[in-house]
Amino acid sequence: MSNLFEALQERGFVQQCTNVEQLSRLLSENQITYYAGFDPTADSLHAGSLVPIMAMAHLQRGGHKPIAIIGGGTTVIGDPTDKTEMRSMISAQQIEKNGASILQQLQRYLDLGNTAGFFLNNAEWLLSLNYIEFLRDIGKHFRVNEMIKAEGYRQRLEREMGLSFLEFNYQLLQAYDYLCLFQKYDCVLQLGGDDQWGNILAGVDLVRRIEGKRVHGLTFPLLTTAGGAKMGKTAGGAVWLDSDKTSPYQFYQYWINIDDRDVERFLAFFTFLPMDEVRRLGSLEHDEIREAKAVLAYQATKLAHGKVEADKAQETSRAAFGGGGLDLNAMPTTTISTERLDSGIPIMELFHEVGLTTSKSEARRLIQQGGAYVNEKQYKTIDVIIDADLLEEDALLLRAGKKRYHRVVLGEA
RNA sequence: GGGGGUGUGCUUGAGCGGUCAAAAAGGGCAGACUGUAAAUCUGUUGGCAAUGCCUACGGCGGUUCGAAUCCGUCCGCCCCCA
């Protein structure tokens, strides 16, 4: 394990860190246990979560032992950050279920569930806490005037944002997590997004105060795309790791479609390619950079969905955009009964029904603006009726805009 | 607890009691140009059985022929005082 820390740094994972020299030495001289938390608010992780996941994977490959935590204990309270909506209370069962799905996804990247690494729910120790004892044993170590200096809180206080006492306490709970993990598993490093820095430091402090031991924290930069958007978001919503929510093909396309300026950074973050290769690919220009994007897309898809799916997505993409025919098999498909088609379906309805537009009005606009195609023929009037006469090989190929395809086949709908 | 503000569409943010589905910008979508990129230009951007109807300006109630605009109340947020 030669200088794992530098490797992480080189790939761009390091934003802030408790102590560079100590951590660097710790990583190269010892086998340590480290952890990062994942929120079980949804039943799938999304592309944004890949940063911590990849960092954890690098460390595991370097011989260290990961613990993935899901915030079962904190999520039951509801996340107060989103103050515009009623706190969404998620049931314990839902969290349990979400956690299970998330675990499955993590296992594609990490070896969990045995001695090489494991997965815990912080509900295990948080739910049984006694308030008075907690205040006495843990609360006494926190100074409010220190806490409000933490960047996250300060911003909330300075801006026009509320900060509930509940939310203020997240820091204590998270710090307590760290303490428990240190005590039970000798965990000495916490990873997280840069917004977690304050909470991570709180944990580091707590361990020092109670156990007198020095533990570490490391944060990742919060990734945005060159366009300034949040990483992993598209018009259609988040890019999920769950293949039912975001198909491997869509996942692949997300990476293919990124901004040129993000290529090198993303290759470093989201693939395991050696940095020499990353830099070479990142320096390609003009047409060639598409090759770099293809590598990124393929590698990222392979990690998330496996080689078979990645190969399929790549073929589909090449076929669709490389000039050849389209790969119909990997395309989202809707089945419509023969009778319905025989009686004719208004084009607007069809586009809306298969999900290419979110409303019929949107379908109308799409059509009127020339973005609607059936079997690669443009239709610009909304009164077109699609019926069996338009079938080609018993199917219809719908297209919205340049890139979104949908196939309609006949069958028992 | 007292006083003063404020709450608008995906976001920021205008909005005289009628002409407000609501200015403007950003974002999104589509078209042109391209490299499945960026930049630029054009159009578009609540929904629907669509020259009309429904829903929407924090929640509820009221005044009015008529309210995002006035009043009451509740809730959230901000500032000052305690």
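Below, chains carry the letters A, B, ... as their sequence lines are ordered, and counting in each starts from 1. It should be emphasised that the depicted structure is a prediction, and the values quoted were computed from it without experimental measurement. Side-chain atoms are counted along with the backbone in the values below, which use heavy atoms only and exclude waters and symmetry mates.
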Residue-phosphate contact under 4.0 Å: R290(A) side-chain N/O, U36(B) OP1/OP2
yes
Using atom P of each nucleotide, how far apart are A38(B) and A32(B) to the nearest Å?
16 Å
Please determine whether a side-chain nitrogen of the Lys or Arg among D311(A) and K307(A) lies less than 4.0 Å from a carboxylate oxygen of the Asp or Glu.
yes
Please determine whether a side-chain nitrogen of the Lys or Arg among E133(A) and R136(A) lies less than 4.0 Å from a carboxylate oxygen of the Asp or Glu.
no
Give a yes or no on whether the ring-centroid distance for F134(A) and Y176(A) is below 6.0 angstrom.
yes
Given RNA chain B, 5'-ward residue of the pair S361(A) and Q314(A), judged by closest heavy atom:
Q314(A)
So, does R404(A) get its side chain near the phosphate of A30(B), meaning an N or O under 4.0 Å from OP1 or OP2?
yes
Are F13(A) and F269(A), when compared by the centres of their aromatic rings, separated by less than 6.0 Å?
yes
Gap between atoms NZ and P, on K293(A) and U36(B) respectively (whole Å)
10 Å
Distance check, P atoms only: A22(B) and G52(B), in whole angstrom units.
13 Å
Salt bridge or not for D276(A) and R279(A), using N-O below 4.0 Å?
yes
Is any N or O donor-acceptor pair between the side chain of Q369(A) and the base of G31(B) shorter than 3.5 Å?
no
Could you state the atom-to-atom distance from CD1 of I382(A) to P of U51(B) in whole Å?
11 Å
May I ask you to decide if the ring planes of H305(A) and F251(A) are parallel, tilted or perpendicular, using 30° and 60° as cut-offs?
perpendicular
In whole Å, what is the span from the CD atom of E349(A) to the P atom of A49(B)?
8 Å
Mind checking the C1' distance from A14(B) to U6(B)? Whole angstroms is fine.
15 Å
On the nucleotide A37(B), are OP1 or OP2 found under 4.0 Å from the side-chain N or O atoms that K403(A) carries?
yes
In whole angstrom, give the distance that lies between atom CD1 of I258(A) and atom P of A37(B).
12 Å
If you measure from the Lys or Arg side-chain nitrogens to the Asp or Glu carboxylate oxygens, is any gap between R340(A) and E353(A) under 4.0 Å?
yes
Separation of atom CZ in F351(A) from atom P in C29(B), rounded to whole Å:
16 Å
Give me the distance, rounded to whole Å, that separates G18(B) from U69(B) when you measure between the P atoms they each carry.
12 Å
If I pick the P atom on C29(B) and the same atom on G47(B), what distance separates them, to the nearest angstrom?
15 Å
By the 4.0 Å heavy-atom rule, please label Q253(A) as base, sugar-phosphate, or nothing.
base
For atom C1', what is the distance between C54(B) and G43(B), given to the nearest Å?
27 Å
Distance in angstrom units between K360(A) NZ and A50(B) P, rounded:
10 Å
Only Watson-Crick and G-U wobble pairs with both distances less than 3.5 Å should count. Give RNA chain B in dot-bracket notation, marking inter-strand partners with |.
(((((((..(((.....[.....)))((((((.......))))))(((...)))...(((((..]....)))))))))))).
Please test E309(A) against K312(A) for salt bridge (Lys or Arg N to Asp or Glu O under 4.0 Å), starting from the C-alpha separation and ending with a verdict.
CA-CA 5 Å; E309(A) 291 297 333; K312(A) 266 204 271 180; 3.6 Å; yes
Can you find a side chain N or O atom of R365(A) that sits less than 4.0 Å from OP1 or OP2 on G47(B)?
yes
How many Å lie between CZ on R364(A) and P on U51(B), as a whole number?
10 Å
Side chain of L366(A) only, heavy atoms from C-beta on: which candidate in A30(B), A32(B), C48(B) is closest?
A30(B)
Between atom CD in Q368(A) and atom C1' in C29(B), what is the gap in whole Å?
14 Å
Nearest-angstrom distance, P atom, G76(B) to G62(B):
24 Å
Test M54(A) against Y109(A) for side chain to side chain contact (heavy atoms under 4.5 Å, CB included), laying out the working first.
CA-CA 7 Å; M54(A) 289 300 288; Y109(A) 297 83; 4.0 Å; yes
From C-beta outward on D259(A), which listed nucleotide comes closest to its side chain: A38(B), C33(B), G35(B)?
A38(B)
With rounding to whole Å, what would you report as the distance between U11(B) and C57(B) at their P atoms?
14 Å
